[in-house]
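When a residue number appears, it is its place in the shown sequence, counting from 1.
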Amino acid sequence: MSMIQVQEALDQILSKIKFKGVEKVSIDKALGRVLAEDVVSRVNNPPLDNSAMDGYALIAEDIQSATPDSPVRLEVVEEIAAGYTAKGTLKRGQAMRIMTGAPIPPGANAVLMQEDTEKDGNFILCMDKADERENIRTAGEDVKAGETVLKKGITLSPAHIGMMAVVGRSQIAVSQRPTVAILSTGDEILELDETPEGPQIFNSNGHMLSAQIKSAGGIPVYLGIARDTEEDLMEKFAWALKADIVVSSGGVSVGDYDLVKSSLQKMGQEMLFWKVAMKPGKPLAFGHIGETPVFGLPGNPVSSFVSFEQFVRPSLKKTLGCADLSHKTVQARLTRTISKKPGRLHLLSSIVSWADGEYTVTPAGEQGSGILKSAANANGLLIFPLEAAEIQQGQEVAVQLLE
Ligand code: AMP
Ligand code: MG
């Protein structure tokens, strides 16, 4: 089994992953989905010049001299509420009562806010001057007709949903979510409602992978636990192939009962088995059985978790047509010196925080591949490069932020 670098493994994997497809959904169901079209506005927003304040539309030149001690008196000739337009044209010496969002009447070139006026029968006293265009929102200042407001490949946030509503889109093309079968393997692994005895442990990977798949936009299909026999593995993998992507955990190392490799090999073409130069998560299987990509992740919980983040999450993002396949990464200052043997890239479960205008990062306790607690306390994976042996306290390092 050859040793391969993380980036090379990822490049090989991504070259085999295809976009799944597109479906239409209501924008009210689109939160968290990946946009599969550019959204172009047909309208201006706002559609017309309108008032940013409750106040009076007027002609700025009329009130240039206005102060609280010598106010300027204007005749109020009309009232314009939001959703209506003025009937007349404003003339010198006149004002129109106007509400926030109401269109600026023809003839007016400023809005004086109500707080700077006093009512006097059918007149107002203006206590302050106004600059031309003061308190006027320009037609199209948010969005112009023909403008691309959202680009395909983004993951839709609440503000994106708002943007689609601004331009009047109720249905939108999003990427289809891939189904991802999860197969846990191991004679020692139990379901959560069983009672462990002796060496038995619960199926933590299956549930963690399910959550990772969901958070990456996939639809997890939980297939339970395969026993450490080729027969059971092949039977369960055969079921798994109904999904768009298959992810298994365990059984890819060099132990006597690590039968995932031999089972997958017997089932189909083009399986690659690697030692990836990374820690945790050295063993990794990837390939296709028929059309279906299959990931054989290592069994140790932290290895399974980290391998998913490095290889499966970017693959799901590609299936979903995401514009950006990589994790968000920040540069952060190390709070203590770390060291390792050169030769593998280490990913340390770490706590990133923002203080005094910079990110700092601290490894989150013990880093063993079975110490899930550290990963559970972490919000980032510190990248300790392949050939590095030591990074000093106070130096900057790259940290992948966990999603
Ligand atoms: P394996 O790769 O099958 O040799 O497993 C490596 C280690 O991970 C062993 O200690 C297993 O008990 C553990 N392990 C494997 N699968 C799971 C799982 N689904 N949940 C929790 N631990 C697991
Ligand atoms: Mg095993």
Side-chain angles (χ1 to χ4, degrees), residues 7 10-50 52 82-83 101 103 136-180 211-220 243-245 247 288 291-293 295 308-331 398 400-403:
Q7 189 60 49
L10 182 59
D11 289 344
Q12 285 203 40
I13 290 168
L14 289 176
S15 74
K16 299 282 166 54
I17 300 287
K18 295 196 195 82
F19 178 65
K20 177 164 158 102
V22 169
E23 65 186 336
K24 285 254 170 187
V25 295
S26 148
I27 63 164
D28 296 320
K29 298 229 161 110
L31 182 66
R33 303 294 297 269
V34 179
L35 187 61
E37 62 172 312
D38 288 344
V39 177
V40 179
S41 180
R42 285 174 287 126
V43 297
N44 283 315
N45 185 55
L48 303 171
D49 285 4
N50 71 73
I136 293 180
R137 300 189 290 212
T138 306
E141 74 175 17
D142 181 16
V143 175
K144 291 183 182 52
E147 183 179 336
T148 300
V149 291
L150 298 173
K151 285 214 166 275
K152 85 175 181 190
I154 58 171
T155 300
L156 293 168
S157 71
H160 295 144
I161 308 292
M163 235 17 259
M164 296 191 284
V166 160
V167 304
R169 287 294 299 271
S170 60
Q171 299 282 315
I172 205 81
V174 295
S175 309
Q176 287 175 15
R177 299 172 67 196
T179 54
V180 185
Q212 285 175 296
I213 290 161
K214 259 189 230 164
S215 79
I219 300 171
D244 293 316
I245 294 176
V247 177
H288 283 74
E291 284 288 289
T292 313
F295 291 85
F308 181 97
E309 294 302 322
Q310 301 317 302
F311 304 114
V312 187
R313 186 181 295 275
S315 299
L316 289 179
K317 285 183 174 171
K318 185 162 182 199
T319 307
L320 286 161
C322 293
D324 189 1
L325 304 185
S326 50
H327 281 89
K328 196 169 170 221
T329 301
V330 297
Q331 290 293 121
Q400 289 180 353
L401 300 183
L402 292 168
E403 287 167 48

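- Distance CG/Leu156 to CE/Met164: 4.5 Å, rounded to 0.5 Å.
- Atom CG of Asp11 is separated from atom NZ of Lys16 by 12.0 Å, given to the nearest 0.5 angstrom.
- Using a cutoff of 4.0 Å between basic side-chain nitrogens and carboxylate oxygens, Lys29 and Glu23 are not scored as salt-bridged.
- To the nearest 0.5 Å, the span separating CG on Leu150 from CD1 on Ile161 amounts to 9.0 Å.
- Rounding to the nearest 0.5 Å places SG of Cys322 at 12.5 Å from NZ of Lys152.
- Remark: Thr155 OG1 to His160 NE2 distance equals 8.5 Å, nearest 0.5 Å.
- A donor-acceptor pair under 3.5 Å is formed between the side chain of Arg177 and the backbone N or O of Gly217.
- Within 6.0 Å of NZ in Lys214 there are 12 or fewer heavy atoms belonging to other residues, nucleotides or ligands.
- The two residues Ser175 and Gly321 have their closest heavy-atom pair at OG-N, 4.5 Å.
- When each of Asn50, Asp142, Asn45 is paired with Arg137, the side chain to side chain donor-acceptor pair (under 3.5 Å) condition holds for Asn50 and for no other.
- The number of heavy atoms from other shown groups lying within 6.0 Å of NZ (Lys151) does not exceed 12.
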**OP:** Determine, stepwise, if the pair Met163 / Val39 fulfils side-chain contact (heavy atoms from CB on, under 4.5 Å).
**Re:** CA-CA 9 Å; Met163 235 17 259; Val39 177; over 6 Å; no
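- Looking only at distances, no side-chain donor or acceptor of Gln400 sits under 3.5 Å from a matching main-chain atom of Thr329.
- Closest approach of Leu316 and Ala216 over heavy atoms only: CD1-CB, 3.7 Å.
- The main-chain N or O of Ala173 is found under 3.5 Å from a side-chain atom of Glu37 such that the two form a donor-acceptor pair.
- Using a 4.5 Å cut-off on side-chain heavy atoms (C-beta onward), Lys144 and Ser41 make no contact.
- Nearest heavy-atom pair across Phe295 and Ile17 is CZ-CD1, 4.4 Å.
- Smallest separation of non-hydrogen atoms from Ile213 and Pro220: CG2-N, 3.8 Å.
- The shortest heavy-atom contact between Glu403 and Ser215 is O-OG, 4.5 Å.
- Atom CG of residue Leu48 and atom CD1 of residue Ile136 lie 12.5 Å apart, to the nearest 0.5 angstrom.
- Among residues two or more places apart in sequence or in another chain, the side chain to side chain contact (heavy atoms under 4.5 Å, CB included) test is passed with Thr179 by Ile219, Val221, Ala243, Asp244.
- Shortest non-hydrogen contact noted between Ile172 and Ala30 is CG2-CB, 4.2 Å.
- Side-chain atoms of Val312 and Gln212, non-hydrogen and from C-beta on, never get closer than 4.5 Å to each other.
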